[in-house]
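Notes follow the structure.
Values reported hereafter were calculated over all heavy atoms of this structure, with side chains retained and with hydrogens, waters and symmetry mates removed. Just follow the structure's listing: the first ligand is 1, and inside any ligand the first atom is 1. Values in this document were obtained by computation on a predicted structure and should not be read as measured data. Numbers here are sequence positions counted from 1.
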Amino acid sequence: MVILEKRDRSRTDLDTMAVIRTRTHLRALDLPREASVHLSEQLDNGAAVATTRSDGRLMLVHQVGKGPRAGSVEQVRRAGAEMAALLNSSGKGTAQLLTPLNDADLVLALAEGAMLGGYQFRKYKTSGNGPSLKSLSLVHKKVDARTVQELNDLTASVYLARDLVNEPVSFLNATQFSAEIRTLARNTSGLKVQVLDKAQIEALGMGGLLAVNKGSVDPPTFNILEYRPKRAVNRSPIVLIGKGVVYDTGGLSLKPTPHSMDHMKCDMAGGAAVIGAIATAAQRALPLHVVALVPATDNRPGGNAFAPGDVVRMYNGMTVEVMNSDAEGRMILADALCYAERYSPELVITMATLTGAAARAIGTQGMVGMGTANDRIMNELVSAGERMHERVAVFPFWEEYDKELSSEIADLKNLGGDSAGMITAGKFLARFTQRPFVHLDIAGPAFLMAADGYRPRGGTGIGVRLLYSFLRDRAHM
Ligand code: BES
Ligand code: MN
Ligand code: ZN
């Protein structure tokens, strides 16, 4: 990982990443005239990142665009990623970050983009080297060591979520997923973990999770993480629930090959995101009681696989008529929602790669959100999403959609009508909780076919930064 540290003064011998707002700020960088002119020309030509060599060091400069400030922070992150890529292609191990601006947020955004952009999943590469860039030092009197460490912790959690998504099911089955969660909890003070095994899941009667697991040779797990600080500002916890389908073939309602199954190792991205978020909350000692639940299994068409037409008794006793075994995410999330009731949570959030409909509706540029929580909560999530550029597009949650889930023979069925599939999926989930509820569908942005700015190809780790930022607000930090 690219590690950020704080430095008290800048050095004239280090490769440098800088952010400026006006051309006169170039002068504050103390460069020889030719270097300044060279940079100016590139900025005039509209380059997001201008580069020059001066006295044997590399200077990389981004000029913040005009326009709305929120937009420009994201531009700076993207410029940071571009700079990191340039440093990597020159084999550089380190650089300093500075700005003549008083505004520390901009240089932090530059760092964030460079750190997030400097990721590669290399576990299975037997030759070649990873990114050369290993550390960055930030020079700004307004940035304190705590903020720097927060960015390191959050980036590490995003990297972890990406790694988990990028791991194929040949390594990351439900049991291994739980082993990774245990390791994380062991290394995070204040974070408690409990992993329920198949016998315990059976004893509890989590019929949804067991049904999805029936076609598998590997057992399911149910992962419970809890962070409960002494001086929490909330009386009852926020429960985050993440979908942990380690691989989704569709089951008997098999997905057509080749393409729709190619990246279904990403189907635990919601689980990875909630794990990353709660770990960061604990590392940063947020005064907030948080629980994360991740039901985990693969979904396969084995000899005993659950079949369309089956009626499943869920953890809370409700019955579900299975119409499509590819609508498996809601089956396992429903059991987790029932389990969450025991905490009487003030808020429950599900995060899941739940529907192709969500991805088709808004693509990879954000996630689909909906729920029964009040406007204030919804607005807090939306603004955390804007801040972190993990945006939430709020969809309607009208009661008319509920009808689509009624079943002739059971309490409800696991499939809605032909349209608004992301909403009927959310509606299904809402039937299993009595608490204020938000559902976030990340099927679009969880996994990218091509890198985009600081988001790599493959697992993006989306949701970690959004949820952490939201929790931080809730903790009044
Ligand atoms: N895991 C998929 C959704 C998905 C699609 C995630 C594309 C990432 C990218 C989910 O389990 C699924 O199969 N959903 C079905 C639901 C349908 C059967 C109601 C879908 O969207 O087709
Ligand atoms: Mn599916
Ligand atoms: Zn799925």
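Centred on the Mn ion (ligand 2), the OD2 atom of D248 and the OE1 atom of E328 lie at an angle of 100°, reported to 10°.
Using a 4.0 Å cut-off between charged side-chain N and carboxylate O, K427 and E399 make no salt bridge. A salt bridge does not link D218 to R300: none of the charged nitrogens lies less than 4.0 Å from a carboxylate oxygen. By the 4.0 Å N-to-carboxylate-O rule, E380 lies close enough to R474 to be salt-bridged with it. Of the charged side-chain nitrogens involved, none lies within less than 4.0 Å of a carboxylate oxygen, so that E74 and R391 do not count as a salt-bridged pair.
Considering backbone and side-chain atoms together, G356 places an N or O closer than 3.5 Å to an N or O of ligand 1. Residue R330 has no nitrogen or oxygen atom sitting less than 3.5 Å from a nitrogen or oxygen atom of ligand 1, judged on distance alone. Backbone and side-chain nitrogen or oxygen atoms of N324 are examined, and none is located within less than 3.5 angstrom of a nitrogen or oxygen of ligand 1. Polar contact with ligand 1: present for E328 (N/O pair, distance under 3.5 Å).
A donor and an acceptor atom, one from each side chain of S236 and S344, are nowhere located under 3.5 Å apart. A side-chain donor-acceptor contact under 3.5 Å links E150 and Y468.
Closest to atom 2 (C) of ligand 1, if we only count protein heavy atoms, is D248 OD2, 3.5 Å.
Here the N, O or S atom of D248 that is nearest to the Zn ion (ligand 3) is OD2. Nearest N/O/S atom of E328 with respect to the Zn ion (ligand 3) is recorded as OE2. Considering just the N/O/S atoms of D267, the one nearest the Zn ion (ligand 3) carries the name OD2.
Shown in contact with K243 at under 4.0 Å from a heavy atom are these atoms of ligand 1, numbered in order with element: 1 (N), 10 (C), 11 (O). Each of the following atoms of ligand 1 lies closer than 4.0 Å to a heavy atom of T353: 1 (N), 2 (C), 3 (C), 6 (C). Using a 4.0 Å cut-off to heavy atoms of A443, the atoms of ligand 1 that qualify are 6 (C), 8 (C), 9 (C). The distance from ligand 1 to the heavy atoms of L415 drops below 4.0 Å at these ligand atoms: 19 (C).
Within a 4.0 Å radius of atom 22 (O) of ligand 1, the protein contributes no non-hydrogen atoms.
A parallel orientation is assigned to the rings of W398 and Y401, their planes being inclined by less than 30° (bins at 30° and 60°). Using cut-offs of 30° and 60° on the angle between ring planes, the pair Y119 and Y159 is perpendicular.
You'll find the ring centres of F222 and Y339 inside the 6.0 Å limit.
Counting heavy atoms of neighbouring residues, nucleotides and ligands inside a 6.0 Å radius, atom CZ of R313 does not exceed 12 of them.
Here K243 meets the criterion, with an N, O or S atom under 2.8 Å of the Zn ion (ligand 3). The nearest N, O or S atom of D326 is not closer to the Zn ion (ligand 3) than 2.8 Å.
For atom 1 (N) of ligand 1, the choice among T424, V212, D267, V245 with the nearest heavy atom turns out to be D267.
When every heavy atom of A281 is checked against every heavy atom of Y227, the shortest pair comes out as O-CE2, 3.7 Å.
Judged by the shortest distance from any of its heavy atoms, M264 lies inside the 4.0 Å radius around the atoms of ligand 1.
Both the backbone and the side chain of D326 come within 4.0 Å of ligand 1, judged by heavy-atom distances. The proximity of L354 to ligand 1, defined as any non-hydrogen pair under 4.0 Å, is limited to the backbone.
Counting heavy atoms from C-beta outward, F432 and L412 have side chains that approach closer than 4.5 Å.
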